[in-house]
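Convention: sequence-line order gives letters A, B, ...; per-chain numbering from 1.
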Amino acid sequence: MVRSSVPPDDRTFPFALHAAAAAVAAGKRPVKGLELHAAALRRGLLLADVFAGNTLVTFYAACGRAADARRMFDEMPARDVVSWNSLVSALLTNGMLEDAQRVVVGMMRSQVPVNVASLVSVVPACGTQREEEFGLCIHGLALKSGLDSVLNLGNALIDMYGKFGDLEAAMRLFNGMPERNEVSWNSAIGCFVHTGIYEDVLEMFRAMLGHGVTPGSVTLSSLLPALVDLGVFIWERRSTAPNVVSWNAMIANLAQNGAESEAFRLFIEMQKNGGCPNAFTIVNLLPACSRVTSLKMGKQIHAWSIRRSLMSDLFVSNALIDAYAKCGQLSLARNIFDRSEKDDVSYNTLIVGYLQSPCCFESLHLFEQMRSAGVEYDAVSFMGCLSACANLSAFKQGKEIHGVLVRRFLSTHPFLANSLLDLYTKGGMLDTASKIFNRITQKDVASWNTMILGYGMLGQHDVALELFDLMKDDGVDYDHVSYIAVLSACSHGGLVERGKKYFSQMLAQNIKPQQMHYACMVDLLGRAGQLSESAEIIRNMPFRANSDVWGTLLGSCRIHGNIELARWAAEHLFELKPEHSGYYTLLMNMYAEAGMWSEAHEIRTLMKSRKVQKNPAYSWVQNGNKLQAFLVGDA
DNA sequence: GCAGTCCAAG
């Protein structure tokens, strides 16, 4: 325009700056806007035109430069109410509520006639920051200036009171409104969503429809997380096109409620309909990938995040680390961790991720690295570290962490206390464990389960069973882990009949037995020499037995020298875990002991043809603060 | 031509 010598007038400038601010919001650098500022100075525009100054205040706010926005305002030769309002929202968009409050007060003192915009912009911030006192002040000002009947302000106030938890004030405003629009209804619905009384949410939604108000994308987004079971119903009856937020809400709704593949389908459909997935979409979908261990979908979403340059978002990179770790892909998870920005969640996610892996000692390394990196520990970090210590039998280090927790008054934290129980029971230190256990005021199901498992493992079955009965008296209901604990106590104690009783009790309680429960039953019967009954259990399982179950049977066969069943179990194990050398060795030794040399030789050949390596054995050595693994030779 | 209300995440 300038180059083609068409003179730009006063109106061109705000337009152009608006575009420059939008570019900044889209991730571009602010050069265009700075050039425009310079041009405006050269032309003396800022001396003559309030509009130019106002737009610059907003532009600097959009760049995240609140101080520059304020300087712009201070240097303006003349200001109007929009200048003040622009400064207020400039401060608010940069999270400076207190400064914004001071400006509003200054505005009153300078006798600037406030309008709706002056008040309406601070109201949402008061709500989210729980600034009740100032929020009530604003409401008071609205009443005094007669602005309280303005629709926008009323809507904002309803939402604010909802965020304060003052449902009565919110409803009084809502019911007294001279007119309502969709936002009024959304704000009112939002108040009930906060309270968690979903019958009321639904009732408001019905009332909204009854008043002939069309629910838009914002209504959808706030209803979907609240009304999970009605989600699809509402979604299918939507009358307006969804926006990114409502797509995301629906995807989250499906992903978090067991409809993972539906969520993936919607992700595709969203893009077909021109929706552009963002960081929220990714973060909602990734846990669904790990829940159904869909590595393929996870990788697709990873690739998508790279293309849309979303990898710099901490939520996205952390969610990816978590998804890969949960799918057992620790090296992929590590890769992202090493290349990304890191916060406490990144460290915690990977620490927990390594726990169930063969590289569990990495959890301890990371815990140490976290400290060197100056990232603060939280309860999750300590929990991960304690579990790692328990898994690695690193009891000395575990005790040190216990000391840290005591000094930080965290040793009675509900799930940290449980991690301590796990550590001490695994280390055979039942006295310490039971002292901690007795000090937990709110014992949850995990606390009881850990103690029962501990006593069961260490041969004190009577105590384990006693605890199992006591937990019910304490008002804590059994879960599926409780039954694993009690069944394994029975099997270690040789209490076959009692074990059978608990198993049927579990079925009666409508807890569906999982692989581990069957493994316990197979162990219970197998140890007692009732191998054919063990086999019968496996044959009658409602799903295919995994390696835990077959491995247990193989172990019992070894004890009782039943080669026939051992072969049967081993055949399944060779298929399920072909790389696991222990199973081959066990069967081979059984054949050898029975003098069945040709069969033993066959297994040896099978091992060679599959290139199965014997696992080297490691020993853990404390080296300063670090735990090191040393190879001690062939197992 | 500038300012201003409601919705979603580890």
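- For F337(A) and Y347(A), the ring centers are positioned less than 6.0 Å apart.
- Among the atoms of the strands shown, none is found under 4.0 Å from any heavy atom of D344(A).
- Along DNA chain B, the stretch of nucleotides lying under 4.0 Å from any heavy atom of chain A spans, 5' to 3', dG1(B) to dG10(B).
- Aromatic pair F51(A)/F13(A): centroids not less than 6.0 angstrom apart.
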TODO: Applying side-chain hydrogen bond (donor to acceptor under 3.5 Å, both in side chains), run through D313(A) and N278(A) and close with a yes or a no.
DONE: CA-CA 10 Å; D313(A) 185 310; N278(A) 61 12; over 6 Å; no

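- Base contact: N318(A) has a heavy atom under 4.0 Å from a base atom.
- A centroid separation of 6.0 Å or more is found between the aromatic rings of F382(A) and H413(A).
- Between E203(A) and R206(A), no side-chain nitrogen of the basic residue sits less than 4.0 Å from a carboxylate oxygen of the acidic one, so the salt-bridge criterion is not met.
- Looking at heavy-atom distances under 4.0 Å, N284(A) makes contact with sugar-phosphate atoms alone, never a base.
- Nucleic acid contact class of D80(A) (heavy atoms, under 4.0 Å, all strands): none.
- When each of M107(A), R109(A), Q101(A) is checked for a side chain to side chain contact (heavy atoms under 4.5 Å, CB included) with V105(A), only R109(A) meets the rule.
- Among the protein residues, N348(A) comes within range of no part of the nucleic acid, since none of its heavy atoms lies under 4.0 Å from any strand.
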